Structures are given as C-alpha cells and as structure tokens.
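Reviewing the structure listed below.
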Amino acid sequence: MKRQLCALLTAVMVLALLLTGCGGEQQKATDQSTFVTLTDDLGRQVELKAKPARIVVTSASFLEPLEAVGGADLVVGRPDSKTKMPDYAKDIASVGKVYQIDTEKVLACQPDLVIINKGMNEKLVDALEANGIKTLVLDMKSYEDVKREVATLAEVTGNPEKGQQLIHDMDDKIAAVKNNMPQGTRRVSIIHSTNQGLTVQLDGSIAGSVVRMLGWENVASGSKPLEKNPDAAPYSMETLVAQNPEIIFVTSMGKLEAIKASMEETMQGPAWQSIPAVKNKQVYYLPQELFLLSPGIHYPEAVATMAKCVHPDMK
C-alpha cells in the first residue's frame, strides 16, 4: 500500500513539474511574440513587440495618414508646422521645427515609437535606439511612397484594412482625373524658385511625380542631379531654351507673391520670351501646400490641381 502511495505521489509531482515547464515555455513564447515586423525606407527590419501606445512623428506629413488609419489617439509628439496640421494634433506637444527636431523634447514625450522623415531626421535614429525607443524611417515624397507608407502606418495601428481602403480610394480619384483629361502628352518643365535662386525639378520630386502620373514628359528627365538633392538639377537658361517646353510649372519656397513677381520680371528677358510656354502664357504657379512638402493622402488633389492648370474646363 505504501509502495503504491509513493508511486502515486511521484507521478503527481512529475505531472506538476511537466505542467509548470509547459506553462513556462508558453509564457516565454508569449513574451517573445511580435505584433508586427516592418521594413522601413532605410531597408531596416523593425520589430514591434506590441502595438505602439505613444508615437512621436518628426514630419507633419505623417499626421493625416495616421488619423486616417485609426492612429490619432496614439500621437503624443509632433513638429511645428504652419501647414498640414490637422485639428487633432494642434494641442499635441511640439518636438521642434521639422529641420531642427529636439531630441530631449522627443524623449520627454516618452514614446515607444518615433516615425522619422527620410532625408531630414535620420540622425535621430542612433540616439533614440540607444534609449530603447523604436524608430521607423519613412519617405512620403512620391505617390508610390505615400501608398506604401499608408499601408505601413495601418500595420502600426493594427488596422491594415483601413490602409487598403484608403489606397483604393486614392487610386480611384486619380484614375477619375486622368479619365476626364484630354489625351496626349505635353512637354513640361518644372522650375523650383526660392530666395536662393532657381533649380529644375526631376522625376523624383513631388511635381515630377505628378507630371509622370498624368502621362506628360518632364523635359529635364535624365538630367544630372544636384549633389545634395537627387530630385533637382541645376538651372540653365541655355538648357531650358533648348528643351523648348510647352508648359512651365513653378514650385516655390517662401512668400509666393514675392516669388511670382520676381519670376514674372525675370521672364521678360528675350531668352525666356522665346520659350513656347512663356509665349503662350502657359506658366503655372503650383500651391505650396500640395507641392512643397508631400501632399500625403491629398495626392489626388495635387494631380487634379496640375491637370486643371492646363485644362481648366475639366470637371
């Protein structure tokens, strides 16, 4: 009898140990679970163990897409911006100007994820990662960038279906503009005007991306880019005359009225007057809110705006 009782107790103890071991393994597996793994635009694999609860963004261009995919209540820090500031973000803590993000202000927000604008703020990555904060570097320049980042942000918020619906809606709006537009290519030059002078925008720029989407030809396509800006090329009056564009779009940074007055004075010169776009008064100034910084989820509006410059009777 004693022998049977001992055997029974031993069996119970072994079973308890096995169950404890299994529970430990299950807990370990739970601890190691991953909410989502994403590839950012630096090519890094970014693993998020859980859905972020506190997000800081270094570009205002991320704010509307985040709101559209259900992430407005997650944002605890954003940069200063005179444009692209949705109502929900106006009272959220500032982390500085977009070109001068304050690392201490970012850390004070106690984020578990910082979404960084590629080409501006990558220098923050090492400092933030050293403080145990995950970073995701995203580019929002071209329309393809925007669609990719909408899908990424939707994964971050746990709402991938909202991302796909938004992408579908944007595609439909752009297709509607193109279907309503007279067919045929146009030879286009895109001049970027600032207080520092003029440059020519290439296909990778926002305006260049829209020109390509409309099926028009950017006459500067293939030009050697500036060393510090792969989406722009040096301005040359001689080259512009040789390219002979039918249409000139002007993008700008600074006070638009002052830039417009300066450009119109410059175009009184005989070389400018020899260009078909100038002779035929087909020079158009594009709004900064859509063409200076990424229009983000407003890309369909940017496409419609450019199309209507050339075809004002479009619906």
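These numbers were taken from a predicted model, which means no experiment stands behind them.
Connection of Val98 to Met85 is not established within any shared hydrophobic cluster, with ILVMFWY side chains joined at heavy-atom distances below 4.5 Å, either directly or through further cluster members. Linking ILVMFWY residues whenever their side-chain heavy atoms come closer than 4.5 Å, directly or via other members, places Val283 and Leu240 in the same cluster. Under a hydrophobic clustering in which Ile, Leu, Val, Met, Phe, Trp and Tyr are joined whenever their side-chain heavy atoms come within less than 4.5 Å, directly or via other members, Leu290 and Leu166 fall into the same cluster. In terms of hydrophobic clustering, with Ile, Leu, Val, Met, Phe, Trp and Tyr side chains grouped at heavy-atom distances under 4.5 Å, Leu198 and Tyr285 are assigned to a common cluster. Transitive grouping of hydrophobic side chains (ILVMFWY, heavy atoms separated by less than 4.5 Å) keeps Val250 and Met253 in distinct clusters.
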Going through the checks in order, is the salt bridge (charged side-chain N to carboxylate O under 4.0 Å, His left out) test met by Glu129 and Arg44?
-> CA-CA 13 Å; Glu129 295 278 351; Arg44 302 180 308 150; 3.5 Å; yes
Chi angles and distances behind the side-chain contact (heavy atoms from CB on, under 4.5 Å) call for Tyr88, Leu66 = CA-CA 11 Å; Tyr88 86 87; Leu66 272 169; 4.3 Å; yes
Carefully, step by step, assess Leu48 and Leu113 under the rule side-chain contact (heavy atoms from CB on, under 4.5 Å).
-> CA-CA 9 Å; Leu48 302 180; Leu113 177 66; 4.2 Å; yes
Could you walk me through whether Ser193 and Met263 pass side-chain contact (heavy atoms from CB on, under 4.5 Å), step by step?
-> CA-CA 8 Å; Ser193 179; Met263 283 292 298; 4.1 Å; yes
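Rounded to the nearest 0.5 Å, atoms OG (Ser81) and CG (Leu293) are 7.0 Å apart. If you take CD on Glu144 and OG on Ser209, they are separated by 8.0 Å, rounding to the nearest 0.5 Å. Taken from CG in Asn195 to OG in Ser252, the straight-line distance is 10.0 Å, to the nearest 0.5 Å. Rounded to the nearest 0.5 angstrom, Asp139 CG and Ser61 OG are separated by 10.0 Å. We find the OG-CG distance between Ser142 and Asp231 to be 9.0 Å, quoted to the nearest 0.5 Å.
Applying the ring-ring contact (aromatic ring centres under 6.0 Å, His included) test to Phe291 and every residue at least two apart in sequence or in another chain returns nothing. In this view, Asp203 satisfies the salt bridge (Lys or Arg N to Asp or Glu O under 4.0 Å) rule with no residue, not counting sequence neighbours. With sequence neighbours excluded, no residue satisfies salt bridge (Lys or Arg N to Asp or Glu O under 4.0 Å) with Glu301. For Arg148, the side chain to side chain donor-acceptor pair (under 3.5 Å) partners at least two apart in sequence or on another chain are Asp41, Asp145. For Tyr235, there are no ring-ring contact (aromatic ring centres under 6.0 Å, His included) partners, not counting sequence neighbours. The salt bridge (Lys or Arg N to Asp or Glu O under 4.0 Å) test applied to Asp126 returns no partner, not counting sequence neighbours.
The minimum heavy-atom distance linking Ala302 with Val210 is given by the pair O-CG1, 4.1 Å. Among all heavy-atom pairs drawn from Cys309 and Pro312, the shortest one is O-CD, 4.0 Å. Closest of all the heavy-atom pairs between Pro225 and Asn229 is CB-O, 3.9 Å. Ile297 and Pro65 get closest at one heavy-atom pair: CG2-CG, 4.0 Å. Taking all atoms of both residues into account, the shortest heavy-atom contact from Asn159 to Gly70 is ND2-CA, 4.0 Å. In plain terms, the two heavy atoms of Met306 and Val211 that are nearest each other are SD-CG2, 3.6 Å.
Summarising the local packing, CE of Met237 is surrounded by more than 12 heavy atoms from other residues, nucleotides or ligands at distances under 6.0 Å. In this structure, Glu265 places its CD atom where only 12 or fewer heavy-atom neighbours from other residues, nucleotides or ligands lie under 6.0 Å away.
Two residues are said to be in side-chain contact when any heavy atoms from C-beta on lie closer than 4.5 Å; Val177 and Met314 meet this criterion. In this structure, the side chains of Asp40 and Leu38 stay at 4.5 Å or more apart for every pair of heavy atoms. In this structure, the side chains of Pro245 and Ile248 come closer than 4.5 Å at one or more pairs of heavy atoms. Looking only at side-chain heavy atoms (C-beta outward), Met120 and Tyr99 come within less than 4.5 Å of each other. Between Asn117 and Pro79 the shortest side-chain heavy-atom distance does not fall below 4.5 Å. Contact of the Leu153 side chain with the Ile115 side chain is registered, since non-hydrogen atoms from C-beta on lie closer than 4.5 Å. At a threshold of 4.5 Å between non-hydrogen side-chain atoms, the residues Val219 and Val188 do not count as touching. No side-chain heavy atom of Ile190 sits under 4.5 Å from any side-chain heavy atom of Val200.
In this structure, Thr34 contributes its side chain and Val36 its backbone to no donor-acceptor pair below 3.5 Å. Between the side chain of Lys178 and the backbone N or O of Met213 there is at least one donor-acceptor pair closer than 3.5 Å. Checked by atom type and distance alone, the side chain of Arg78 never pairs as donor or acceptor with a backbone atom of Thr58 at under 3.5 Å. For the pair Arg54 (side chain) and Gln110 (backbone), a donor-acceptor distance under 3.5 Å is present.
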Donor-acceptor contacts under 3.5 Å from residues 266-274 side chains, at least two apart:
{"residue": "Thr266", "atom": "OG1", "partner": "Ser262", "partner atom": "O", "Å": "2.9"}
{"residue": "Gln268", "atom": "NE2", "partner": "Glu264", "partner atom": "O", "Å": "3.2"}
{"residue": "Gln273", "atom": "NE2", "partner": "Met267", "partner atom": "O", "Å": "2.6"}
{"residue": "Ser274", "atom": "OG", "partner": "Ala271", "partner atom": "O", "Å": "2.6"}

Using a 3.5 Å cut-off and no angle test, enumerate the donor-acceptor pairs between side-chain atoms of residues 169-176 and protein atoms at least two apart in sequence or in another chain.
{"residue": "Asp169", "atom": "OD1", "partner": "Gln165", "partner atom": "NE2", "Å": "2.9"}
{"residue": "Asp171", "atom": "OD1", "partner": "Tyr143", "partner atom": "OH", "Å": "2.6"}
{"residue": "Asp171", "atom": "OD1", "partner": "Lys147", "partner atom": "NZ", "Å": "3.3"}
{"residue": "Asp172", "atom": "OD2", "partner": "His168", "partner atom": "NE2", "Å": "3.2"}

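Looking at Glu47 and Thr37, their side chains never bring a donor and an acceptor atom within 3.5 Å of each other.
Within the structure, salt bridge (charged side-chain N to carboxylate O under 4.0 Å, His left out) contacts touching residues 235-259 (residues at least two apart or in different chains) are Arg186-Glu246. A salt bridge (charged side-chain N to carboxylate O under 4.0 Å, His left out) check over residues 152-168, counting only residues at least two apart or in different chains, returns nothing. Among residues at least two apart or in separate chains, there is no salt bridge (charged side-chain N to carboxylate O under 4.0 Å, His left out) pair with a member in residues 64-77.
Classified by interplanar angle (parallel below 30°, tilted 30° to 60°, perpendicular above 60°), the ring pair Trp216/Phe249 is parallel.
Ion pairing of Lys134 with Asp112 is absent here, as no side-chain N (NZ or NE/NH1/NH2) approaches a carboxylate O to less than 4.0 Å.
Each of Gln201, Gln288, His192 was compared with Thr251 under the side-chain hydrogen bond (donor to acceptor under 3.5 Å, both in side chains) criterion, and only His192 meets it.
Hydrophobic clustering, defined by side-chain heavy atoms of Ile, Leu, Val, Met, Phe, Trp and Tyr closer than 4.5 Å, groups Ile133 together with Leu42, Val56, Val76, Val95, Ile101, Val106, Leu107, Val114, Ile116, Leu124, Val125, Leu128, Val137.
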